[in-house]
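Naming convention: chains lettered A, B, ... in sequence-line order (proteins, then strands); numbering from 1 in each chain.
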Amino acid sequence: MSSAQYRSLKGMQDILPPDIYLWQKVEQTAQRIFSVYGFQEIRLPVMESTSVFTRSIGENTDIVEKEMYTFTDKGARSVSLRPEGTASVVRSYVENSLYNLPAPQKFYYSGPMFRYERPQSGRFRQFYQIGVEAFGDPGAKLDAEVIAMLALLLSFLGLEGVSVQINSIGCEVCRPGYREALITFFSAKREGLCPDCLRRYDKNPLRILDCKASGCIELRQGAPRITDHICGDCRTHFEKLQSLLSLLKVSFSLNPEMVRGLDYYTRTTFEVTSQGLGAQNAVAAGGRYDRLVREFGGPETPAVGFALGIERVVELLKKAAPHAAPVPLVFIASIGDKAGSESLGIAQQLRQRGLWVETGDPSGSLKSQMRRADRLGARYVFIIGDEELLSGRLKWKGLDGSGQGELLFSEIEAFLTALVEK
RNA sequence: GUGGGUGUAGCUCAGCCGGUUAGAGCACCAGGUUGUGGCCCUGGUGGCCGGGGGUUCGAAUCCCCUCACUCACCCCA
């Protein structure tokens, strides 16, 4: 509803239970998978000098031209909220001379990114990415490992219906030639292109290849393919990647029309897409960027990485299965002040053992306390009143219908540890 | 930046061509005999009908403006 006086900003959302448990699952699973591949976490600022992004992402990309949250700070410096993670990682890699550490160096990060766009399904102004970057190895082996790691993560998360597509967009040696070939090809057909593609023709002709307009799809029949134009080195690299992926049993398909929006990619680019996400169907995407470290003033250092959109993965998980939010192990219902105090003591003791315990309101009816225990999803209820205080035995009841009985106060811990271990 | 859709209780929505105190389901709270949840029954809390202006004896219902949300394009995770 729109009646609240204060609302979060457009495109920015609160992440609340029960969704948060899926977020945690994604982050924890990623952490686990990445660590066995030797990737270490790094945490970087969400704000950088604007030039960190303009130089790396590309001056005339949409991200830089119209999507950055850029402003002047109190020291008259132009700063920007990060629209993606790679630029910051490279800046940090160079600033901290991490190239002096044994190669390859492999890192991952997780956190919010910001782009001033019109929100739509699967797209937000503040969105979260988990990303990885591996530095210092030019071989296709590294590309293959990174892609295999991504595939493994998605499979551990139980995502189905996702597909990996790869492409090679060449290097600074061969890409200009391909670009020329495309311009030549389309120059005779400019009349038929859609207005967007007319812009692309001048700005980034590769983009005509993934236009959705039917007219453009027809026109590009027979257009030169990037994979026919890449140089020998790039071809070798690309073929090696494919054979390694097959070896690693990562299923993938070639998509010579896949284009990346950031300027810094070289050779390998890849994308994981999913059905059922709406128009924004990319779950993760990445590629190789062999020149970027150099451009940041570091030594010639090849690198490869990807970023995964957490919201989109969570969305898929939500569709796949109902959430399993954690529930309390025990709810202690009590009747009367004395029993109420006793139950607090017991709760404290059990919480020190790492068990989730909730307590009821001793001035409320037992019925209302039972009801609350049920709504919380508690597995067991303990009942303590005057009777129990006198006898030294509390009543327990399994809310899943697993019976009820009595229990000496001194037996509580043993009773519960047995349950937890089951 | 461009185009479409939608705005009525916390959530999902009904209120047909304007007519009296604005509804349902779910959720929440409390009861249904004395200390026991889930099902059922009863009651209760909760709505400037997104906001402003206009037409009218009378508007949630018609008209205009505005804001918000949403989907799509551009672009992208």
Whole Å only: how far is the [atom1] atom of [X] from the [atom2] atom of [N]?
{"X": "A:E67", "N": "B:C75", "atom1": "CD", "atom2": "P", "value": "10 Å"}
{"X": "A:N204", "N": "B:C74", "atom1": "CG", "atom2": "P", "value": "14 Å"}
{"X": "A:D210", "N": "B:C74", "atom1": "CG", "atom2": "P", "value": "9 Å"}
{"X": "A:E84", "N": "B:A77", "atom1": "CD", "atom2": "C1'", "value": "11 Å"}
{"X": "A:R125", "N": "B:C75", "atom1": "CZ", "atom2": "C1'", "value": "14 Å"}
{"X": "A:E117", "N": "B:G3", "atom1": "CD", "atom2": "C1'", "value": "17 Å"}
{"X": "A:R7", "N": "B:G51", "atom1": "CZ", "atom2": "P", "value": "13 Å"}

Charged N to carboxylate O below 4.0 Å: is that the case for [X] and [Y]?
{"X": "A:R123", "Y": "A:E117", "result": "yes"}
{"X": "A:D143", "Y": "A:R288", "result": "yes"}
{"X": "A:E413", "Y": "A:R353", "result": "yes"}

*Going by number, which of residues 157-170 of chain A have a non-hydrogen atom under 4.0 Å from RNA chain B?*
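Heavy-atom contacts with RNA chain B come from no residue of residues 157-170 of chain A; none.
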Using the [atom1] atom as the reference point in each nucleotide, state the distance between [N] and [M] in Å, no decimals.
{"N": "B:U20", "M": "B:G4", "atom1": "C1'", "answer": "38 Å"}
{"N": "B:G31", "M": "B:G23", "atom1": "C1'", "answer": "24 Å"}
{"N": "B:U66", "M": "B:G5", "atom1": "P", "answer": "16 Å"}
{"N": "B:A9", "M": "B:A24", "atom1": "P", "answer": "14 Å"}
{"N": "B:C39", "M": "B:U6", "atom1": "C1'", "answer": "37 Å"}

*Between A:Q105 and A:E133, do the side chains contain an N or O donor and an N or O acceptor separated by less than 3.5 Å?*
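Absent: no donor and acceptor within the cut-off.
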What pairs meet the side-chain hydrogen bond (donor to acceptor under 3.5 Å, both in side chains) rule with one or both residues in [range], with sequence neighbours excluded?
{"range": "residues 189-198 of chain A", "value": "A:D196-A:R199"}
{"range": "residues 330-346 of chain A", "value": "none"}
{"range": "residues 39-52 of chain A", "value": "A:E41-A:R43, A:E48-A:S88, A:E48-A:R91, A:T50-A:S78, A:T50-A:S80"}

*Using a 4.0 Å heavy-atom cut-off across all strands, classify A:F124 as base, sugar-phosphate, or nothing.*
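Base: the residue A:F124, judged by heavy atoms under 4.0 Å, touches a nucleobase.
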*asked:* Under 4.0 Å, heavy atoms only, any strand: does A:A285 hit a base, just the sugar-phosphate, or nothing?
replied: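 Sugar-phosphate only.
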*Please check if the distance between the ring centroids of A:Y108 and A:F34 is under 6.0 Å.*
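Here the rings of A:F34 and A:Y108 have centres that are less than 6.0 Å from each other.
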*Answer with yes or no after comparing the ring centroid distance for A:Y201 and A:F186 against a 6.0 Å cut-off, counting only values under it.*
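Ring-ring flag for A:Y201/A:F186: false, centres at least 6.0 Å apart.
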Salt bridge (charged side-chain N to carboxylate O under 4.0 Å, His left out) partners for [X], two or more places apart:
{"X": "A:E160", "answer": "none"}
{"X": "A:R294", "answer": "A:E300"}
{"X": "A:R200", "answer": "none"}
{"X": "A:E388", "answer": "A:K395"}

*Pairs where residues 326-336 of chain A contributes a residue and the test salt bridge (Lys or Arg N to Asp or Glu O under 4.0 Å) is met, not counting sequence neighbours*: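 Listed by first then second residue: nothing to list.
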*Any stems for RNA chain B, made of 3 or more Watson-Crick or G-U pairs in a row, each with both distances under 3.5 Å?*
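B:1-7 with B:67-73, B:10-13 with B:23-26, B:28-32 with B:40-44, B:50-54 with B:62-66 - these are the stems of 3 or more pairs that involve RNA chain B.
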Below 3.5 Å is the cut-off: list the nitrogen or oxygen pairs between protein and nucleotides 70-73 of chain B, distance only.
{"unit_1": "B:C71", "atom_1": "OP2", "unit_2": "A:S121", "atom_2": "N", "d": "3.1"}
{"unit_1": "B:A72", "atom_1": "OP1", "unit_2": "A:A279", "atom_2": "N", "d": "2.9"}
{"unit_1": "B:A72", "atom_1": "OP2", "unit_2": "A:Q120", "atom_2": "NE2", "d": "3.1"}
{"unit_1": "B:A72", "atom_1": "OP2", "unit_2": "A:S121", "atom_2": "N", "d": "3.3"}
{"unit_1": "B:C73", "atom_1": "OP1", "unit_2": "A:K212", "atom_2": "NZ", "d": "3.0"}
{"unit_1": "B:C73", "atom_1": "OP2", "unit_2": "A:Q120", "atom_2": "NE2", "d": "3.4"}

*Which comes earlier along RNA chain B counting from the 5' end, the contact point of A:G309 or that of A:R199, where each point is its nearest nucleotide?*
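Taking each residue's closest nucleotide, the earlier one in sequence belongs to A:R199.
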*Give the B/S/- string for nucleotides 31-43 of chain B, one per nucleotide from 5' to 3', where a protein heavy atom under 4.0 Å of the base yields B, of only the sugar-phosphate yields S, and otherwise -.*
-B--BBBB-----
